[in-house]
Colleague: 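Here you go, one structure.
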Amino acid sequence: MMAALLLRRDKKSTAAHLKSDLNRTDNSSGVRQLQELLDSVLNPEKPAADTEALDWCKCLIAGGEGFEEFCKTVRSYDNATLCGLVWTANFVAYRCRTCGISPCMSLCAECFNNGDHTGHDFNMFRSQAGGACDCGDSNVMRETGFCRRHRLRTGENVPSVPRDLLLMSEMVLSRFIICIIQYLRDGYTEPDTSTERDLQKVLQQLEPQISFLEELTKMGGAMRTVLTKILTNQQTFKDLSMGQEENVFAKKNYENYLSALKNSGLVSVEEKAQTGAAEPTRGSETGALGLLGAAAPSSSGSNKEEDQDGGQSIGQRKRVKLSSTTKDPSIMDSLKHKCFLEELLFWTIKYEFPQKMVTFLLNMLPDQDYKITFTKTFVQHYAFIMKTLMKSQESDTMSNRIVHISVQLFSNEDLARHVTEECQLLDIMVTVLLYMMESCLIKSELQDEENSRHVVVNCSEALLKNNTYWPLVSDFINILSHQSVAKKFLEDHSLLMLWMSFVSFFQGMNLNKRELSEHVEFESQTYYAAFAAELEACAQPMWGLLTHCKVKETQEYTKTVVRYCLETLQIWFDAIGFVDELAPNQVTFHLPLHRYYAMFLSKAVKCQGLDLESLLPDQEMLMRIMVHPLQIQASLSEIHSNMWVRNGLQIKGQAMTYVQSHFCNSMIDPDIFLLQVCASRLDPDYFISSVFERFKVVDLLTMASVHQNTVLDGEQERPMLEGALTFLVILSSLRIHLGMADDEILRAEMVSQLCMNDRTHSSLLDLIPENPNPKSGIVPGSCSFEEMLSAVADFKAPVFELGGSMQQGMYTPKAEVWEKEFDPIMVILRTVYRRDVQSAMDRYSAFLKQSGMHTTGNPWPPYKERTPLHPCYKGLDRLLHCKTLHIVIFTLLYKIWLDHSNMSEHVLCMVLYLIELGLDNQVEEDKEDEEPCIEEHCHDSWFPGTNLLSNLHHVINYVRVRVPETAPEVKREREPPASTSAEASNFGQNVREAQVFSLVAERRRKFQEIINRSSTEASQAVRPKSSSTRWVPPGTPPQLVTEILEIHESMLSLLIKLHQKLSAKQNSLSATWLEDMDANPNRHIHGDGITAIERILTKAATRSHQSKRSIQEICGKVFPPVAPKKNSPAAKKTMDKEERRQRARERQQKLLAEFASRQKSFMETAMDVESPDTEAAMDLGASEVKESEVLYDCVICGQSGPSTEDRPTGLVVLLQASSVLGHRCKSDEAKKLPTTDDERIYPADTCGAAHDVRLALMQSFFKDSSCLQSVSIGWDGGVYVQTCGHTLHIDCHKSYMESLRNDQVMQGFSVDKGEFTCPLCRQFANSVLPCRPGRSTEVVSWHMPSNNKTSVLVKEVEDLQEQLGLFPVSTTTESNLSKEMELVIKDIKNTTQRKYMDYGKNPGSPDNDFLFMYSVARTNLELELVHRGGNLCSGGASGAAKRSCLNQLFHVLAMHMRLYSIDSAYNPWTRLTQVAPSRDDCLDDERPEVPMLFRDCPSLLIIFVLTMPQPLRKEHFICLVRMLYNLQYTQALAALSAKFSPEERQAWSTSGALKKNAFNAEKSYEALLSHVITELSKVKTVYDVNTEEPSMLSTSVWSPQSIEYSLQQFCLPYLRLSCLLQHHLYGDNLSGCPEEEEFSGLAGCLGLLDPVPQPSNPMYSASCLAWTVSAFDLMSQWCSEVTGLTNTQAEKSMTLLVQDLQWASPHLLHLPDNYNTIFQYYHKKACTACKKVPKDPALCLICGTFVCLKGLCCKQQGICECVWHSQHCGAATGIFLLINASVIIIIRGHRFCLWGSVYLDAHGEEDRDLRRGKPLFLCVERYRVLAQQWVSHTFDHINKRWGPHYNGL
Ligand SMILES: [Zn+2]
Ligand SMILES: [Zn+2]
Ligand SMILES: [Zn+2]
Ligand SMILES: [Zn+2]
Ligand SMILES: [Zn+2]
Ligand SMILES: [Zn+2]
Ligand SMILES: [Zn+2]
Ligand SMILES: [Zn+2]
């Protein structure tokens, strides 16, 4: 009742009234009134869309004030010391690694710019998930990085809030929030009964309310406190949310909430208590399994069996009961809400994180109490969040929103520790992770497909494929980065156990089975999901934990982890049923358990001082552990040997990913390390034979020349052998985890990447593996990335290649690095693409050649000495000192020497590497066996001991081999040197049994030996070779016979023989050779195989007397001629295969280089058209002229001939519209790009605008047709014609176009628009300009000099002008040539837009056309001038003119212009040359003709030339130039006189008048000037009109010199144009001259000056005049045309008279040095057209216009704004800077291309899309190149990769 009353009253006064009531001491009535009012206003039964409620709330909260005012007041009490600004996706924020404590730290732009980060390691980034500003939060960042505002802690000085200000807010808002919650409860329906859209609809209706809440949070700390109090108050929640039992709606509403809870699998704690599980205890299983859903049965099913199986370990029990070990089942299934915040978060999750709600909740985080409560609430809902995420359709969006929240909470160590301790955060996270992965488990097929009990994640499930687990894993990694939290984890054994079982889900996932028969049908792409999962879910947490295990004090942690690793591994081996043999043709790249074990071992030894022995399992376990990593290594080799081709490309992808920089630290490195550990502890013979067996090359290791391999194809043997040897070299030389310090590792990584290729800074950063090295920033005790980089590399600044393609700044290895640090082994290890190894070697060879260290042949990979092994791993060296390896080495040396098949240089190289490694890494032996050994026949122990040094000189005499009957050994019986047959029969069965090549048997024997600890029976059991039947295909038993080979060689003798073989010299090593050698062994580091052998021999000799003696002995012997095979074709096939490949490669490179240089020189000549540089070679032009007829080569048919009427030839041309001339300004300074609101660009002062104004002005007073002949157009949108200089028959061109049309492959240009590329040079073109048939006689007549007097010539010209249309070629019949000429005219017209052609009043009239045509000529001449730098001072040979297409263009234009007749009675020529009686034009209705003084002389000249009969004789041309010069000079005088002050004008008029009668007065500037002043002052004084303007200029006094200068400047443009025209029409040379003498130079060139120079008279300008009638009369006539104008016209006379014809060269806008200046202003600037901030803003670099790239908002007539602007600003050429990408795009017509960036970072690199966000600076050189391409119109030629834009940019 009361409420109803209040409701009707005015809201404002009601609010004021209520507020005062509430402020009374007894406020009960006020409270009651308010409650009643709110009951009716905030009624949840009303539709949410009703805004009345919101209005009421605003008014009430403001308490009678205006809401805006209220906001302001509240804001003034903001006491926040944190920024806390919350942003959403795509916001631009900053990160400073120098200031950040947490890596997640981020700052808003304002705080960043107001803080001091100079010299810090910071970057800008575009937020992906959203975030919040950390400024002011010392938990996350160092205080030094706080901005000014938040450093001052302004909050502390803020007065406390007056009590009554927020009184109303407190009361109203709690009701408001419950109302929102009620709406949310009411609107919610379960997803299975509703659609996505239902939830969206509810949210949409609630939008204003939630936005209101969000708005409130932005009112600062005072309001936030009110809100957080309400949200966290438990009593209010109880009262308001449930205490309304009598209200039916409220009851239903509450039930709705309860059922939502229940349906989510959540039960409130009370309810749980009723079901009997009130107190969930640790380890209790109740409820958990059931709630875990589908995944549980698979594990619980095997539960019972497993237990009975007798598995004893904790791990095993844990694995099968993993769900039940959940410490607190309530994690998954119980929730009880105690305050608004909790329920609000619950609904936020249910509604899948609406953006506004998230922002609202996050905005209050600066309130510390709230932050803690909110974090707890978040953790409480964590499991529920993840469940919702898994079910969500929009998991990507949701993931981002979750992380947006969680990052704010978990990056703070205190908070993370707090919730870990109080809310079991770790337990929750691990449990939830397990729960998640359990939902997609499948049975592992590894090893024993049938009986395997192991389960793995299914990589094709959405959970893995879409990375849905990402937010959870990222949270987990985030909290593990806090030491206190990580410690908790490592101390909690049950958590560790749980974690290991989680890791084992990934062990063996994504199994590959080798396809043997057919190509796999479907290439599964699951592998990326698998690699990503192992890296993110297993490896990253591992690295996180490892960072906390760095010191002795943490030993216990490591021991625990290692123990659980081993236990879990044991369980895994059992589960997959692995005993000792691996199932064939399988490989998985995923062994995270192995890798955990390996990395914790490495840390233990390296940092924690633990003894390796104490952490290792027994031998048997070690043997098992090595199997799978070794299999991966062998498989890598198989994959590269094409044995897995049938599995498709994806298997190569896996092999590459495994070693790739982001994965190698977590995959191949731990694997290699683990294998090294195994190798150092296991029997070396066992290990070596395992390796060769696994690589399947055992059969190859026979000394027989022929063998059978039952497992490998012939072509796979060599690469597999190379792979096995390379692997052994890597294994025994890699020290990454065996003793190298972090700095050394970083250095080695860097060097190997740089050796492969020069790298940009960013690619290097990306290629250097992350762990354990910090990529950037300074970590105590370790060298920084930058320091290391400058130590090993030189910076190459970005350079430009010919043709304009751009390079980035690169780092290249220093010379010392190549000399001392290049490590081919490291390169091989880190190589993703095989070609990179070759690239490194090529670069190494190039370095050696260049530095003169090795000049002949190809150098071998250099041998590099290694860091000493950590004592724990000493055992690894035994690998190099075992008989098995020595037998292999001996056999291979022997086979290489004899050129057996499948050997290669690489094999020899690796063998030598192993020998050298062995020599350098001696094992301390108990007994030194230097005594000579007894000669023996085949013996199962070939060598007496295991020491390589002593085995080297041990001579092997006989070897028994098994060979096929057809082998050459069998036939050798007849050969005299091998007398084996007789002896062979003598060998007994015992010798036969002593077969040494049974490596398989050897390995198995050793294995058995170890397993059974009893060698005797084992050797018996497995001795027979045939036991390995697995390798023999059934049914094809090889027909083998046994042969005895006579060898009599030692490793040393074989090495010496190989030396001879390689050097192709007998006795290449003399007996005294060793003495010469040992002077300096180091000088042999670089070299080829010969050098390597010499180095080894020297090492052997220095280390053992026996060896030395042996070497001397062998060298001393005289050898029979070297094996002749060296030169036989058979030898070439094998040994030299590699070499020949190398040679072929070199040949190919040479060819390519040749081709490139040919193309380059071709490009250079082709480019000449654009450049003013002349080439001597082109002066041939002169001689060609004398030939009877000009001949053209057709680049299509190759024929050469003249261009004829019937079969015309044409020039390949590119026509393009251009506005470059129009964009010129007066000032030579480029305009500055505005970067603040105060700056602006004014377009009015450009050449194009000025000409438009002038023409419009003329058109408003004078006859239109006359105006159209008095100016030129084409400054904007004129057509520019350029050619590559190649010619073709026009009919050939037509068929060429036809073929292009049919060729669908052609890309980048459209044939329909006539576009093509020159068939010869591939330059882009779009038309063909027909060539004028030319005969020498004509050419001569053009040049024929005559001595006719000027007056005669003037008459001749007049006569010629009347013979319009008379051409030497037949024009009566339409010839092919004339047809083509008309076609090209059409092309020219189509090149530009209509608006650039129609300037007249009648669009499309002949007058318009006429103007357009002669302006095309003008445009091309003017552009050439621009390209020449604006003047003709640099000169130019006639040949250059000949190669330009201007002459041909003029001819075509002239052909076309003959169609028009100048019907004007006012013939300009008569007005130029005769004093005619004045006609009374002004009396007509018509407007007057344009006075001569207003006309543009260059335009008149072009009109005359083009309309007179062709060819025009040169003397007539000169005559035209002279007569027009008179006019030009008079215009100059008039313009000059206008600049005088009235007094000066008077003075010059008077002084000049005196000279009027003097001799030569007609060539005296003083007399003429005086005359012009007098004439123009007649009748109506022209000078009166514009008094202000001239007076401004008259501050200085005019001297004769300055007058002459001014006159010359005025006439220069005319002279330049005339001279250039003469150059093109007559092929005259342009003589160069200094700039200050340009005028006289040009005048001389044109023959205007007297031939005899007058050095005494520098006043050239007047002496160039040549009058045929009285100068004074003629001038009077011209002036009277002006003075005779009507009043209105006269007003503008001065403007038309005073024109400045000089324009500066065109410029692009001046850009600021720092890109940030542009970015900060423009990335959030609103478009002036649509008033919105564009998604993709872009800037026109020509005029500064800001456009919406791709925006639909600014699309007009189907054309997006950028394209639209390019058409209007640049006549279809546009240069745009994409603000958000820092990249420039070029639009040219219907195509566009990405040009690159002119902004580079400190390392000379582009940062496209601002991904790295490092500061960028203008690269002046690049910008100059861009401008140059624009001005020279070469975008089409230089940039490749054009694409159509479909008007969509
Ligand atoms: Zn901030
Ligand atoms: Zn700040
Ligand atoms: Zn900083
Ligand atoms: Zn042809
Ligand atoms: Zn060409
Ligand atoms: Zn523009
Ligand atoms: Zn726009
Ligand atoms: Zn727009």
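Counting starts at 1 for both ligands and their atoms, following the listed order. If you're wondering where the values come from, they're calculated on a predicted model, not measured in any experiment. Numbering of residues begins at 1 and proceeds along the displayed sequence.
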Colleague: Nearest N/O/S atom of His117 with respect to the Zn ion (ligand 3), by atom name, please.
Modeller: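 So the atom name we want here is ND1.
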
Colleague: Check for me: within less than 2.8 Å of the Zn ion (ligand 7), which protein N/O/S atoms show up?
Modeller: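 Listed by chain and number: Cys1727 SG, Cys1748 SG, Cys1754 SG, Glu1761 OE1.
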
Colleague: Taking backbone and side chain together, does Cys108 place any N/O/S atom at a distance below 2.8 Å from the Zn ion (ligand 1)?
Modeller: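 Cys108 does place an N, O or S atom closer than 2.8 Å to the Zn ion (ligand 1).
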
Colleague: Got a sec: is Cys83 within less than 2.8 Å of the Zn ion (ligand 1) via an N/O/S atom?
Modeller: yes

Colleague: Rounded to the nearest 10 degrees, what's the angle SG of Cys99 makes with SG of Cys96 at the Zn ion (ligand 3)? Could you check?
Modeller: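 That angle works out to 110° after rounding to 10°.
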
Colleague: With the threshold set at 4.0 Å, does a side-chain nitrogen-carboxylate oxygen contact exist between Lys1395 and Asp1276?
Modeller: no

Colleague: Under a 4.0 Å N-O cut-off, is there an ion pair linking Arg1812 with Glu1805?
Modeller: yes

Colleague: Assess whether atom OH of Tyr1846 is packed by more than 12 heavy atoms of other residues, nucleotides or ligands within 6.0 Å.
Modeller: no

Colleague: Restricting to N, O or S, what is the name of the atom of His120 that lies nearest the Zn ion (ligand 3)?
Modeller: ND1

Colleague: Is there a donor-acceptor pair under 3.5 Å between the side chain of Asn1780 and the backbone N or O of Lys1735?
Modeller: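 Checked: pair present.
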
Colleague: A side-chain contact here means heavy atoms from C-beta on lying under 4.5 Å apart; do Asn1714 and Phe1817 qualify?
Modeller: yes

Colleague: Do the side chains of Lys218 and Glu214 get close enough for a salt bridge, i.e. N-O under 4.0 angstrom?
Modeller: yes

Colleague: Tell me whether Cys135 has at least one N, O or S atom under 2.8 Å from the Zn ion (ligand 1).
Modeller: no

Colleague: Report the relative orientation of the aromatic rings in Tyr370 and Phe374; use parallel for angles under 30°, tilted for 30 to 60°, perpendicular for over 60°.
Modeller: parallel

Colleague: Between Tyr1715 and Phe1719, what is the ring plane arrangement, given parallel below 30°, perpendicular above 60°, and tilted in between?
Modeller: tilted

Colleague: Does the distance from a Lys or Arg side-chain N to an Asp or Glu carboxylate O, for Arg95 and Asp121, drop under 4.0 Å?
Modeller: no

